[in-house]
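Note that these values count all heavy atoms, side chains included, but never hydrogens, waters or copies made by symmetry. This structure is a prediction, so every number in the text was calculated from the model and none was measured. In the text below, chain A, chain B and the rest are named by the order of the sequence lines, each starting its count at 1.
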Number of protein chains: 2
Amino acid sequence: MNAATPTEPNDAGSATLTDIAYSRLSDDILSGRLLPDTKLAIEHLRRDYGIGASPLREALSRLAADGLVTVIGQRGFRVAPATVADLRDITRLRILLETEALRESLCSGDEDWEAAVVAAWYRLSKIEPERGQRFPEWEQRNHEFHEALVAACRSPRLLQLRAALYDQHRRYRSIAVHYRSADRDVSGEHEAIYRACLERRIDDACELSRVHIQHTADLVAEVLAANSALPQPARGRGRPRKVAG
Amino acid sequence: MNAATPTEPNDAGSATLTDIAYSRLSDDILSGRLLPDTKLAIEHLRRDYGIGASPLREALSRLAADGLVTVIGQRGFRVAPATVADLRDITRLRILLETEALRESLCSGDEDWEAAVVAAWYRLSKIEPERGQRFPEWEQRNHEFHEALVAACRSPRLLQLRAALYDQHRRYRSIAVHYRSADRDVSGEHEAIYRACLERRIDDACELSRVHIQHTADLVAEVLAANSALPQPARGRGRPRKVAG
DNA sequence: TAAAACATTTTTATCGATATTTTTTTAGTT
DNA sequence: AACTAAAAAAATATCGATAAAAATGTTTTA
């Protein structure tokens, strides 16, 4: 999400509890373990994560700025809501930034970049199913593949924004998967993009990428629309709600 | 910077100390009162602002996610560095987003939008000099004018990102002004944009806007380059450094 | 039965205190 | 004078405690 989000000690400062909390919360939200509108009560998080209030609040503040969490003064934090309109909005922006970054990456990618793309593609293609117990792994490699494609783009800020949008988009995908998974030929789309990139067919690559993103979004929107019709419970966190009768 | 950044009580929660700290810090950074790389020591800020450590750290965390501040684990916060390369990067992105938002705004702006634009333009044109003691006021109206132009864009996320980039850009302008001001015909450029917008000459408006932004950035880059050649002192905050001899 | 008023419980935002880490200063060596 | 090493000072990250606010539950009133 952010430029630097260390969880382990490294040259640029050691991992603080805030960093750890940020990573865990971020991951829980992006993977759909924490669904939209879920209340993020400091009290509970403290127990669940074993981290004090201050680092938690700092992490949540960062996430709020990232747009993954909402804050309301005196009323605490919640996972950001998810709506079809917002998904469309995000999708449109993601396409704009992704294609821009891809275009530049294809212009300036050298041999090392190519090698990295080939490697990322290879790893991704080794896990066939989009689902199953190896899903997190697939998700990870999918992420790395898409990142590898744009890695040669020379604009750090563009890459940063693109990454943020990727995350937002991923959250929506995760939410949809949480309800039901749609199957389609993702691998095929990936392969087409892969080929276009290596052959430097810039416009093709951008267009294929656009369609890939849009297609995903449409499927997610469908699932989302079907479920948002239902009355949304004011979700708590883990705490089992009392059921009448 | 953010969707909602209240400083005064409103429907969506009352203003917390965190909000106040955020506003003040944000303003100090964007207006150039806090220069790049300035150390933001909690201890000192506490005295200066009369706000405790926790709200300060939360505000700084948000600013860090916004990219206006850097954090290094165990080594605290600093105002984000400013480099010519980063300015160029930001400029490029800002142009991308600004023109995109403007294009859409021009497509869907109705009569109310027009009226708001006319009003914003009028207010801006009433303060002639770009400098002087009324500079903050001019800056404010400039902001409002540019915001009015894109206000009819229907993508909240795009407007949000655009606003973030505007702020980043403003910071660079402020830094440059801090050293020396460049004079040119800003009003003329503004007027040209204004006319193109009202007459819905979309491509013209975008191009004029692009040039406007790029032109500003080039001037700022010049000032910045001239000054970054000098050895950068490890700036402290207010605390007078001991001068040898 | 519904609404209003009040009392309780829970949670938030914030402060002050503190162990740990970093930075600065001082002293000691080659 | 230029490095190191040790000591002192300052700053950071974090915890626990608490006033204020919000949410929840209960009783009273119409």
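Closest heavy-atom contact between A:I51 and A:L56: O-CD1, 3.5 Å.
Atom-to-atom, CD1 of B:I72 to P of C:dT21 comes out at 17 Å; the value is rounded to the nearest Å. One interatomic measurement links the two molecules: CZ of B:R57 to C1' of D:dA11, which rounds to 10 Å at whole-angstrom precision. To the nearest angstrom, P of D:dA13 lies 17 Å from OH of A:Y22. Here the C1' atom of nucleotide C:dT12 and the CZ atom of A:F77 are 9 Å apart, to the nearest Å. The interatomic distance linking B:I20 (CD1) with C:dC15 (P) rounds to 10 Å, in whole Å. The CD-C1' distance, from A:E58 to D:dA13, rounds to 8 Å in whole Å. Following rounding to the nearest Å, B:L56 (CG) and D:dT14 (P) show an atom-to-atom distance of 16 Å. The CZ atom of A:R46 sits 11 Å away from the C1' atom of C:dT11 (whole-angstrom rounding).
Checking C:dT23, C:dT14, D:dA11 against the side-chain heavy atoms of B:A41 singles out D:dA11 as nearest. Residue B:P55 places its side chain closer to C:dC15 than to any other of D:dA11, C:dA13, C:dC15. Listed nucleotides: C:dC15, C:dT12, D:dA11. Nearest to the side chain of B:E43: D:dA11.
Applying the side-chain contact (heavy atoms from CB on, under 4.5 Å) test between A:L34 and each of A:D27, A:L68, A:V69, A:I29 identifies A:I29 as the sole match.
Across the interface with DNA chain D, nearest-nucleotide mapping of B:S54 and B:I42 shows B:I42 to be the residue nearer the 5′ end.
Between B:Y166 and B:H146, the ring planes are tilted. Angles from 30° to 60° get that label.
The side chain of B:T18 places an N or O atom within less than 4.0 Å of a non-bridging phosphate oxygen (OP1 or OP2) of C:dT14. A sub-4.0 Å separation between OP1 or OP2 of D:dT12 and a side-chain N or O of B:K39 is present. One finds no side-chain N or O of A:H44 lying less than 4.0 angstrom from the OP1 or OP2 phosphate oxygen of C:dT10.
For the pair A:H169/A:T216, a side-chain contact is recorded, criterion being any heavy-atom separation below 4.5 Å from C-beta on.
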(request) Using the side-chain contact (heavy atoms from CB on, under 4.5 Å) rule, take A:L40 and A:R78 through it: C-alpha gap first, then chi angles, then the decisive distance, then the call. (result) CA-CA 5 Å; A:L40 297 167; A:R78 280 177 181 275; 5.6 Å; no

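Backbone-only engagement by B:Q74 is indicated by non-hydrogen atom pairs under 4.0 Å involving sugar-phosphate atoms exclusively.
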